[in-house]
Amino acid sequence: MQTIVFIMKEKMFAECLKEYFEDKGAYVCVAEDQYENAECCINLYQADIAVLELPKEEMKMNNFFRLCENLRLCRRELKLLVLCSDMDEEERRLLIEAKRRKTVDDFIDSNLSLRYMYSKLRAL
């Protein structure tokens, strides 16, 4: 069974995702709301997938991508999926570039369905 760590500030959203994916029976899920604890959490739970919410105010994009790179160093086989909402053109461009450089594996809009997200996770 694969382990997913949801790293996002929105606790309620993270708990709903956790419950949904655990009910599917294919994943063990953990929710972490502190980005500074992400590396420790990834290592502690030997995560296979990290789903990171793209932070808006508290973290600049460069710091976010540095975190993604550090998570990759923690666990080489870790897959990274970024959840974003209301992306502007610059964020979209930066995410496309990060995917091209393999800093992240993929990104999706958080306004899409859980079914779509589930299929993305299965494809990673």
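Numbers here are sequence positions counted from 1. It should be emphasised that the depicted structure is a prediction, and the values quoted were computed from it without experimental measurement. Values below: every heavy atom of this structure, side chains too, minus hydrogens, waters and symmetry copies.
A donor-acceptor pair under 3.5 Å is absent between the side-chain atoms of Gln2 and the main chain of Val28, judged by distance alone. Put simply, the side chain of Arg75 gets close to the backbone of Ala47: a donor and an acceptor are under 3.5 Å apart. In this structure a side-chain-to-backbone donor-acceptor pair under 3.5 Å is present from Gln46 to Asn43. At least one donor-acceptor pair under 3.5 Å links the side chain of Glu32 to the backbone N or O of Gln34.
Residue Asn70 comes nearest to Glu39 through the heavy atom pair CB-OE2, 3.5 Å, listed as atom of the first residue, atom of the second, then distance. For the residue pair Leu80 and Cys68, the shortest heavy atom distance occurs at CD1-O, 3.6 Å.
In the hydrophobic clustering of ILVMFWY residues, with side-chain heavy atoms under 4.5 Å counting as a link, Leu54 and Phe13 come out apart. Cluster annotation: Val82 is not connected to Phe6 through the hydrophobic network of ILVMFWY side chains, with a link wherever side-chain heavy atoms come within less than 4.5 Å. Cluster membership for Leu17 and Ile49, using ILVMFWY side-chain heavy atoms within less than 4.5 angstrom, is shared. When hydrophobic clusters are built by joining Ile, Leu, Val, Met, Phe, Trp and Tyr residues whose side-chain heavy atoms come closer than 4.5 Å, directly or via intermediates, Ile4 is not grouped with Tyr45.
Contacts classified as salt bridge (Lys or Arg N to Asp or Glu O under 4.0 Å) and involving residues 107-117 (residues at least two apart or in different chains) are not found.
Contact check on Asp33 versus Lys11 returns a salt bridge, with a Lys/Arg side-chain nitrogen under 4.0 Å from an Asp/Glu carboxylate oxygen. Checked for salt-bridge contact, Lys18 and Glu22 meet the test: a charged N lies under 4.0 Å from a carboxylate O.
Once rounded to the nearest 0.5 Å, the distance linking CD of Glu69 with SG of Cys74 reads 12.5 Å. We find the CG-CG distance between Asn37 and Leu44 to be 10.5 Å, quoted to the nearest 0.5 Å.
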For a quick test of your reading: what N or O donor-acceptor pairs under 3.5 Å do the side chains of residues 117-124 make, sequence neighbours left out?
{"residue": "Ser119", "atom": "OG", "partner": "Tyr116", "partner atom": "O", "Å": "2.7"}
{"residue": "Lys120", "atom": "NZ", "partner": "Asp106", "partner atom": "OD2", "Å": "2.6"}

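Tested against Asp105 for a salt bridge (charged side-chain N to carboxylate O under 4.0 Å, His left out), the candidates Arg100, Lys99, Arg72 yield a single pass: Arg72.
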(request) Verify side-chain contact (heavy atoms from CB on, under 4.5 Å) between Asn63 and Arg66, making sure each step is shown before the conclusion. (result) CA-CA 5 Å; Asn63 291 339; Arg66 193 170 307 118; 2.8 Å; yes

(request) Could you go through the side-chain contact (heavy atoms from CB on, under 4.5 Å) check for Phe64 and Leu52 one step at a time? (result) CA-CA 9 Å; Phe64 178 76; Leu52 295 99; 3.9 Å; yes

(request) Any chance you could lay out the side-chain contact (heavy atoms from CB on, under 4.5 Å) test for Leu95 and Cys84, step after step, and finish with the verdict? (result) CA-CA 10 Å; Leu95 282 165; Cys84 16; 3.6 Å; yes

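In this structure the side chain of Ile108 reaches within 4.5 angstrom of the side chain of Leu83, judged on heavy atoms. Leu67 has its side chain within reach of Tyr35: a pair of non-hydrogen atoms, C-beta onward, lies under 4.5 Å apart. Residues Leu73 and Leu71 form no side-chain contact, since every pair of their non-hydrogen atoms from C-beta on lies 4.5 Å or further apart.
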